[in-house]
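Residues: numbered from 1 along the sequence shown. Being a predicted model, the structure only gives us computed values, none of them experimental.
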Amino acid sequence: VAACRDTGYDWFEQLLQNLLKSEEDASYKPVKKACTQLVDNLVEHILKYEESLSDSDNKGVNSSRLVACITTLFLFSKIRPQLMVKHAMTMQPYLTTKCSTQNDFMVICNVAKILELVVPLMEHPSETFLATIEEDLMKLIIKYGMTVVQHCVSCLGAVVNKVTQNYKFVWACFNRYYGALSKLKSQHQEDPNSTILTANKPALLRSLFTVGALCRHFDFDHEDFKGNSKVNIKDKVLELLMYFTKHSDEEVQTKAIIGLGFAFIQHPSLMFEQEVKTLYNSILSDKNCSVNLKIQVLKNLQTYLQEEDTRMQQADRDWKKVAKQEDLKEMGDISSGMSSSIMQLYLKQVLEAFFHTQSSVRHFALNVIALTLNQGLIHPVQCVPYLIAMGTDPEPSMRNKADQQLVEIDKKYAGFIHMKAVAGMKMSYQVQQAINTCPKDPVRGFRHDESSSALCSHLYSMIRGNRQHRRAFLISLLNLFDDTAKTEVNMLLYIADNLACFPYQTQEEPLFIMHHIDITLSVSGSNLLQSFKESMVKDKKKERKPSSDEETESDSNSGSESESEEEASKPRRLRKRADSDSDSDEENDINAVMKCLPENSAPLIEFANVSQGILLLLMLKQHLKNLCGFSDSKIQKYSPSESAKVYDKAINRKTGVHFHPKQTLDFLRSDMANSKITEEVKRSIVKQYLDFKLLMEHLDPDEEEEDGEVSASTNARNKAITSLLGGGSPKNNAAETEDDESDGEDRGGGTSGVRRR
């Protein structure tokens, strides 16, 4: 127990629970016997330890050993409180420990937690013993900080409500703090800047917290407390605490919200009040609201749900005891109906908290959603996209928790994950945008570690097993690259990253993607070229000297758009094949198009923007081809309608193949969509357009020629791809030639060039 201080004791509780449960109906109970011996010896050990301390000089020093002993006793009490009943009297004096170190506080809190579980089980405890406990607890509540107050009020609740019924004692304490709050409120109303308030701030903070804590464990509207008075205490408390949530000091606001959270556990119906809804939802949805307040509201909801869960489990256990004698009756329905309605109210805002830059806010939001789903308070489908998004969180614990929830949902409701997969991918992009600390850098879709796995790889691995779902999902993602989808460029980059790094297992998966990339390219590509052509200016006079190796038809050209266009795209068979001219031809083509550009550069920017999607698809296809080592003919022969068995072979992945779409990254980093357009930028866009045009002309590879040479068309296509993708010639293509010096601009005409090579 001492060693697991930071990691939590769930394992120990689970162990005890399972061991004790396994022998419930047995006549011989060795575990129970062992537990009794352990507990008795630990108590004895504590007493001996005390004696040894009183003999030595370091009186009152609580070592971590003692803390571990008492914590272990608490864990035993939590699972089987009967074990500690005979030791309650021994534990009580520890409530008067002098507190100076962290260890002392741990001792007091654990002793309070033990007594809370054990005192109600004692048969005829002495009056003096109970009175002493009550007084000790009250002194601690008045004197110490939040954690101690919380545990002591909780213990007092168990002692007073279940054993002593000493309500006057608690009522006096409540009135003391409630009165102080009312007084501070009226002072604040008179003069918000009064110095008295500053001096009284500690008293204000303590009163807010303690009033809330007392309301959590005692129902002061019960006549045992307020007698015949007609005053509605819970509404009064709500009004007081709500007043201080509007205070200018954040610390006061936070304490008031903590107090409210406590009060709502006793009276959940208060969460339906309009002012509470407004307060909670505005804190959660306001981008500029302080992180502490957001976290506190989420913590309040979390504590409420945890308490509900404990309450339901207890009710379940009680029901099992009497179930045999009774008919089925409504069990816990009222409270689960209430918590369900409450979560419906705040669900949207809690889910939106996933998009917060601070991981602590995301952490508590995820806890609330996990509790809500585990208790079945809402229909899970609305959470699926958010959970997919949280599965991309940089913190492993949060990723695993979100993924775990998705697996649970998938078990119960097949098809939900697939139904919301694309929405989830888009949302995960928003989460990544929120987390991205450097806005200059584009958001990427893979983990920046040695695995380079896709951020959404868990989602893909859940969907990939079902062929129909997988294909639908992949097609939906590829459709986002369509020019009509108008998806923003960075999101396309994010999705392309994911598609490049998904954990594909069979050849069918990447081949299917490449097949669809080809279809998208042929449609979107033509649309793109068409819209660019249409934007070019017509009937603009050109004085253009024909270059030596061109026909004289363009001499006294009227300069209409179509002719200049002809000029730029004329096959180069008419031109000399000297490599040195290749560059000047290129220049002429670029100049020809440059002269037709409209004054307004919007269509150019539009072209550059839309073409990013197509460039990314080209890059993606190239990447998958290199990664899996597919040949052109294999990709060409693939047909999606063929039986699954043909392509069921496992992929043989190449290592060290990384997806790096340089052009898109440059486009995003330079913020081209919003920057001023210079001549240089214009030229590069025009060059891209011409490469693109060439690629479209040679999109379908010809059959290979008889003598095994690669055809001119394939060559031209590969050149254009090389050029479009910014150098780095595509592998296993015939573009690795010395002509690449000219950056692949030689728009390959007849095969003579190939033969010569």
Donor-acceptor contacts, no H, no angles, side chain residues 12-23, under 3.5 Å, sequence neighbours left out:
residue : atom : partner : partner atom : Å
Glu13   : OE1  : Lys78   : NZ           : 3.3
Glu13   : OE2  : Lys78   : NZ           : 3.0
Asn18   : ND2  : Gln14   : O            : 3.3
Ser22   : OG   : Leu19   : O            : 2.6
Glu23   : OE1  : Val31   : N            : 3.0
Glu23   : OE2  : Lys32   : N            : 2.9

Using atom types as modelled, flag every donor-acceptor pair under 3.5 Å from a side chain in residues 129-138 to any protein atom, sequence neighbours excluded.
residue : atom : partner : partner atom : Å
Thr132  : OG1  : Thr128  : O            : 2.5
Glu134  : OE1  : Asn166  : ND2          : 2.9
Glu134  : OE2  : Thr164  : OG1          : 2.7
Asp136  : OD2  : Gln92   : NE2          : 2.9

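In this view, Arg470 and Glu508 satisfy the salt bridge (Lys or Arg N to Asp or Glu O under 4.0 Å) rule, not counting sequence neighbours. Every residue was checked against the salt bridge (Lys or Arg N to Asp or Glu O under 4.0 Å) condition with Lys29, not counting sequence neighbours, and none meets it. Contacts of Glu44 classified as salt bridge (Lys or Arg N to Asp or Glu O under 4.0 Å), with partners at least two apart in sequence or in another chain: Lys48. Qualifying side chain to side chain donor-acceptor pair (under 3.5 Å) partners for Asp221, counting only residues two or more places apart in sequence or in other chains: Lys226.
With no hydrogens or angles considered, no side-chain donor-acceptor pair links Asp219 and Gln266 at under 3.5 Å. No side-chain donor-acceptor contact under 3.5 Å links Asn292 and Gln296. Asn367 and Lys299 are not linked by any side-chain donor-acceptor pair at a separation below 3.5 angstrom, with hydrogens and angles left out of the test. In this structure, a donor-acceptor pair under 3.5 Å is absent between the side chains of Arg311 and Gln314.
Between the side chain of Thr97 and the backbone N or O of Tyr94, at least one donor-acceptor pair lies under 3.5 Å. Counting only distance, with no hydrogens or angles, the side chain of Lys294 and the backbone of Leu284 share a donor-acceptor pair below 3.5 Å. The backbone N or O of Leu377 sits less than 3.5 Å from a side-chain atom of Ser340, completing a donor-acceptor pair. Here the side chain of Asn110 pairs a donor or acceptor atom with the backbone of Met106 at under 3.5 angstrom. A donor-acceptor pair under 3.5 Å links the side-chain atoms of Arg362 to the main chain of His356, judged by distance alone. Formation of a donor-acceptor pair under 3.5 Å by the Arg206 side chain with backbone atoms of Lys143 is found in this model. Here the side chain of Asp104 pairs a donor or acceptor atom with the backbone of Thr101 at under 3.5 angstrom. Using modelled atom types, no side-chain atom of Arg399 and backbone atom of Gly391 make a donor-acceptor pair closer than 3.5 Å. Side chain of Gln405 to main chain of Leu387: no donor-acceptor pair is present (N/O by atom type, distance under 3.5 Å, no hydrogens or angles). With hydrogens and angles disregarded, a donor-acceptor distance shorter than 3.5 Å links the side chain of Ser461 to the backbone of Ser457.
For the residue pair Ala2 and Ala68, the shortest heavy atom distance occurs at CB-CB, 3.7 Å. When every heavy atom of Ser359 is checked against every heavy atom of Met398, the shortest pair comes out as O-CE, 3.5 Å. Annotation for Met271 and Leu345: closest pair O-CD1, 3.8 Å, computed over non-hydrogen atoms.
Ring centroids of Tyr144 and His151 are separated by 6.0 Å or more, keeping the two rings apart. The distance between the ring centers of Phe209 and Phe262 falls below 6.0 angstrom.
A distance of 16.0 Å separates NZ of Lys168 from SG of Cys173, quoted to the nearest 0.5 Å. Rounding to the nearest 0.5 Å gives a distance of 10.0 Å between CD1 of Ile79 and SG of Cys35.
Side chains of Asp224 and Gln165 form no contact here, defined as non-hydrogen atoms less than 4.5 Å apart.
Taking the six-membered ring for Trp and thresholds of 30 and 60 degrees, Phe502 and Tyr460 have nearly parallel ring planes, at less than 30 degrees apart. In this pair, Tyr280 and Phe264 present their aromatic rings perpendicular. The plane angle is above 60°, beyond the 30 to 60° band.
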(request) Check the pair Val153 / Arg216 against side-chain contact (heavy atoms from CB on, under 4.5 Å), numbers first and verdict last. (result) CA-CA 9 Å; Val153 171; Arg216 172 178 177 171; over 6 Å; no
Test log, rule side-chain contact (heavy atoms from CB on, under 4.5 Å), inputs Met91 and Met84: CA-CA 9 Å; Met91 299 315 290; Met84 281 294 288; 3.7 Å; yes
Worksheet entry | Chi angles and distances behind the side-chain contact (heavy atoms from CB on, under 4.5 Å) call for Phe174, Cys215 | CA-CA 9 Å; Phe174 171 74; Cys215 286; 3.9 Å; yes
Practice task
Under the side-chain contact (heavy atoms from CB on, under 4.5 Å) rule, what do Met427 and Ile388 come out as? Steps first, then yes or no, please.
Solution key: CA-CA 8 Å; Met427 231 173 238; Ile388 292 172; over 6 Å; no
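Remark: of the listed residues Phe169, Tyr167, Tyr178, Tyr167 is the sole one forming a ring pair (Phe, Tyr, Trp, His ring centres under 6.0 Å) with Phe225.
Taking a cutoff of 4.0 Å between a charged side-chain nitrogen and a carboxylate oxygen, Lys348 and Glu352 qualify as a salt bridge.
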